[in-house]
Amino acid sequence: MQKITADLVQEWLPIRPAESHKGDYGRVLLIGGHRTMGGAIILAAKGSLYSGAGLLTVASDPSNKTALYSHLPEAMFLDLYDQEALIQAVQKNEIILLGPGLSRGPQEAAIMETVFHHIRPDQTLILDADGLHHFKKLGLDSPCQNFIITPHLGEWQYLTDLAPEEQSLTLNQALASNLGVKLVLKGHRTQIYLRDEIWLNTCGTPAQATGGMGDTLAGMIAGFLGQPYQSADQAILSAVYLHSYIAETLAEKQYVVLPSQISEQIPYYLKQGSH
């Protein structure tokens, strides 16, 4: 197992070319946010934009539109339940995050099937939260080459039918391979399974134990994947590390760290790392 460190993340951080534009930094689509869980998709959107996403579209319940624009006027919005608009958005965005606040109803299951049917093999899909539930329940297969899932231990148990005490590094690696995924297994020390490699996050604090933390991380991964890293793996590992590193730094003066506070600090730490 390899360890993610600050030196590695700083070494991997890409420099933005002087002549570039928003289209060079990722066209990202976030799908989620049932009317009762709009905060989840907004936190994911904030994590994505503050991580550098060039163009961000949020497909969510219409009731979340005003709240989204009040927090992030830079984002674009579409109705989650407008199937034609959703299909068009899936086809034109390179990176798709599906699941934060989605809910587990039949309409949302249909949305899952629509996305999996229309995504191309060369696109990137990140599956989080309720998206993981539908993935297992519907018996779906990996739809693209860069397919990333971000379960916590309970969700991984649901996907694999293995209790945490039954899991091991070797077994988790084999299960992730069988599913055709890159696995970000969230925990006190998050483990990342990238095909032939296993990485351990060296940061993390109990101050992060609050709702929305995973939504923010998923959004960060989506945003980082739009940046000109040498590889998608470097982007994933960097997002995981920075999410926890910022939280640890804030926790030096705070008992609890809120997910939105982490997002707001991302541009500052990326700038510090680029020196």
Side-chain angles (χ1 to χ4, degrees), residues 4-6 8-10 12-14 25-26 28 30 32-33 37-54 56 58 64 67-68 70-75 95 97 99-101 126 128-129 148-153 155 184-192 199-227 229 234-275:
I4 319 172
T5 64
L8 281 175
V9 172
Q10 186 169 359
W12 293 333
L13 184 64
Y25 300 107
V28 180
L30 307 187
M37 294 180 284
I41 201 68
I42 293 172
L43 286 169
K46 193 168 185 178
S48 187
L49 271 177
Y50 279 74
S51 295
L56 180 71
V58 177
N64 298 320
L68 174 71
S70 69
H71 287 278
L72 296 169
E74 301 87 351
I95 301 156
L97 166 58
I126 306 154
D128 184 52
I148 303 150
I149 64 172
T150 58
H152 54 59
L153 289 174
E155 290 166 336
V184 177
L185 184 56
K186 297 179 291 192
H188 173 60
R189 289 291 180 263
T190 293
Q191 299 169 5
I192 304 95
W199 289 79
L200 180 70
N201 187 22
T202 55
C203 292
T205 167
Q208 291 175 268
T210 186
M213 197 61 70
D215 303 312
T216 297
L217 174 59
M220 287 179 65
I221 292 172
F224 272 64
L225 283 164
Q227 309 313 300
Y229 279 88
Q234 287 182 359
I236 296 166
L237 294 169
S238 298
V240 170
Y241 181 86
L242 193 61
H243 178 260
S244 293
Y245 179 78
I246 293 172
E248 273 198 358
T249 304
L250 292 173
E252 292 175 3
K253 296 183 179 180
Q254 298 180 199
Y255 185 72
V256 174
V257 175
L258 299 181
S260 55
Q261 293 178 303
I262 292 176
S263 294
E264 290 163 2
Q265 293 294 316
I266 296 167
Y268 169 78
Y269 282 93
L270 288 176
K271 184 63 174 179
Q272 292 298 108
S274 67
H275 289 168

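We use all heavy atoms of the structure for the numbers below, so side chains are in, but hydrogens, waters and symmetry mates are not. The shown structure was predicted, so the numbers you read here are calculated from the model rather than taken from an experiment.
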Q. Rounded to the nearest 0.5 Å, what separation is found between the CG atom of L30 and the NZ atom of K46?
A. 14.5 Å

Q.
Looking at D128 and K186, is there a salt bridge between them, counting it only when a charged N and a carboxylate O are closer than 4.0 Å?
A. yes

Q: Please confirm whether the backbone N or O of V256 pairs with a side-chain atom of Q254, one donor and one acceptor, at under 3.5 Å?
A: yes

Q. At their closest point, which heavy atom of L56 faces which heavy atom of S48, and how far apart are they?
A. CD1-OG, 3.8 Å

(Q) I'd like to know if the side chain of T202 reaches the main chain of I4, judged simply by a donor and an acceptor atom lying under 3.5 Å from each other, with no hydrogens or angles considered. (A) yes

**Q.** For the student: nearest non-hydrogen atoms of P100 and I41, plus distance
**A.** O-CD1, 3.9 Å

Q. Just how far is it from atom CD1 of I126 to atom CG of L225, taken to the nearest 0.5 Å?
A. 5.0 Å

(Q) In the structure I gave you, are the side-chain heavy atoms of V9 and L237 within less than 4.5 Å of one another anywhere? (A) no

(Q) Once rounded to the nearest 0.5 Å, what's the spacing between atom CD of Q261 and atom OG1 of T210? (A) 10.0 Å

Q) What distance do I192 atom CD1 and L200 atom CG have between them, rounded to the nearest 0.5 Å? A) 7.0 Å

Q | Nearest heavy atoms of G212 and L43, plus distance in Å | A | CA-CD1, 3.7 Å

**Q.** Listed partners of M37 passing side-chain contact (heavy atoms from CB on, under 4.5 Å), at least two apart
**A.** H34, S103, D130

Q) Side chain of H243, backbone of M213: donor and acceptor closer than 3.5 Å? A) yes

Q. Within the distance-only criterion (no hydrogens, no angle test), does the side chain of T190 pair as donor or acceptor with the backbone N or O of G187 below 3.5 angstrom?
A. yes

Q) To the nearest 0.5 Å, how far apart are OG1 in T205 and CG in L250? A) 10.0 Å

Q: Please lay out, stage by stage, how T150 and L217 fare under the test side-chain contact (heavy atoms from CB on, under 4.5 Å).
A: CA-CA 9 Å; T150 58; L217 174 59; 5.7 Å; no

Q | Shortest non-hydrogen separation from A75 to L68 and the atoms involved | A | CB-CD2, 4.2 Å

Q) Is a side-chain donor or acceptor of S70 paired with a backbone partner of A67 at a separation under 3.5 angstrom? A) yes

Q: List for me each residue that meets side-chain contact (heavy atoms from CB on, under 4.5 Å) alongside S244, sequence neighbours excluded, and say none if there are none.
A: N201, C203, Q208

Q: Quick one: closest heavy-atom pair of N64 and G38, and the distance?
A: OD1-CA, 3.3 Å

(Q) Once ring-ring contact (aromatic ring centres under 6.0 Å, His included) is applied, do any residues pair with Y50, and if so which ones, sequence neighbours excluded? (A) none

Q) Going by heavy atoms in the side chains, are V184 and I149 under 4.5 Å from each other? A) no

Q: Considering non-hydrogen atoms only, spot the tightest contact between P259 and G211 and give its length.
A: CG-O, 3.5 Å

Q) Roughly how far apart are Q265 CD and Y245 OH, rounded to 0.5 Å? A) 11.5 Å

Q: Begin with the C-alpha distance, continue with both residues' side-chain angles, and end with the deciding distance and a verdict on side-chain contact (heavy atoms from CB on, under 4.5 Å) for D215 and I42.
A: CA-CA 9 Å; D215 303 312; I42 293 172; over 6 Å; no

Q. Can you find a heavy atom in the side chain of W199 that is under 4.5 Å from one in the side chain of Q191?
A. no

Q: For S51 and G47, indicate whether the former's side chain and the latter's backbone hold a donor-acceptor pair under 3.5 Å.
A: yes

Q) Does the side chain of Y269 reach to within under 4.5 Å of the side chain of T249, using non-hydrogen atoms? A) yes

(Q) Below 30° counts as parallel, above 60° as perpendicular, anything between as tilted: where do the rings of F224 and Y229 land? (A) parallel

